[in-house]
Amino acid sequence: MSGKKERFDRILHKIEDVLEEEHIEVARREICRLLKENIDYYNWVGFYLSDENGYLTLTEFEGEPTIHTKIRFGEGICGQAAETKRTFLTNDVSKETNYLSCSIKVKSEIVVPIMQDGRFIGELDIDSHKLNAFDELDKEFLEKICGLISERTRLKSSDQR
Ligand code: SME
């Protein structure tokens, strides 16, 4: 078994605990911190939430501030993931024709949708300064995190997201 899978499992357990936190914003912020601090090639970690007008708004994040705080569905990697409701993984952003650059240092990006009852509610976005940074294990790991966030949001659906 690779050390990477074990490390991901340990972080997942911590995230389960974090999601016990009453305020989902606080939990999302802590998830950003845990991911960025524990995985060296996760250089920027953030959440975008969907509104009813076809836009994504940046909420919690760790890493350098970005100018892309509001993104229209269909625009960039984030907007494409929102439109297709599927994980978008690119291991070389220079090959992308529909891409919004936050920093020239970024080489790879993965965006994972957060779904609830078939509805897209937001996404987790990770940028890496490494080429070919992400593999299937990263994808599975991040999809599990988004699944946990979705469950947590359903359980406490009286909260705002
Ligand atoms: N690169 C993204 C924009 C958001 S930043 O990565 C934080 C995109 O193409 O949608």
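When a ligand or atom number is given, it counts from 1 through the structure's own listing order.
Distance alone, capped at 3.5 Å, is enough to place a donor-acceptor pair between the Asn91 side chain and the Ala133 backbone.
Contacts between Asp125 and ligand 1 below 4.0 angstrom, taking non-hydrogen atoms only, involve the side chain exclusively. If you look at Cys78 next to ligand 1, the close heavy atoms, those under 4.0 Å, come from the backbone and the side chain alike. Residue contacts with ligand 1 for Gln80 are absent, since no atom lies close enough (heavy atoms, distance under 4.0 Å).
Between Glu123 and Ala81, the shortest heavy-atom distance links the atoms OE1-CB, 3.8 Å.
Relative ring orientation between Phe8 and Phe141 is described as parallel, the plane-to-plane angle staying below 30° on a 0-90° scale split at 30° and 60°.
Among Leu137, Asp9, Ile39, the single residue meeting the side-chain contact (heavy atoms from CB on, under 4.5 Å) criterion with Lys4 is Leu137.
The closest approach between Phe61 and ligand 1 stays at or above 4.0 Å for every heavy atom of the residue.
Looking at Ile71 next to ligand 1, no N or O pair under 3.5 Å apart turns up.
Atom 5 (S) of ligand 1 has Cys102 SG, 2.5 Å as its closest protein atom, hydrogens excluded (heavy atom only). Atom 3 (C) of ligand 1 has Leu100 O, 3.5 Å as its closest protein atom, hydrogens excluded (heavy atom only). In this structure, atom 8 (C) of ligand 1 lies nearest to the protein heavy atom Ile77 N, 3.3 Å.
Ionic pairing of Asp92 and Lys95 is present here: one or more N-O contacts between side-chain nitrogen and carboxylate oxygen are shorter than 4.0 angstrom.
Of the options Val106, Asp127, Val111, the smallest heavy-atom separation from atom 6 (O) of ligand 1 is shown by Asp127.
Set against the non-hydrogen atoms of Glu109, the atoms of ligand 1 under 4.0 Å away are 1 (N), 2 (C), 6 (O), 8 (C). Taking a cut-off of under 4.0 Å to the non-hydrogen atoms of Tyr48, the atoms of ligand 1 that pass are 4 (C), 7 (C).
Counted by atom type alone, Thr87 and Lys139 present zero donor-acceptor pairs between their side chains at under 3.5 Å.
Environment of CZ in Arg86: sparse, with no more than 12 heavy atoms of neighbouring residues, nucleotides or ligands closer than 6.0 Å. Atom NZ of Lys105 is surrounded by 12 or fewer heavy atoms from other residues, nucleotides or ligands within 6.0 Å.
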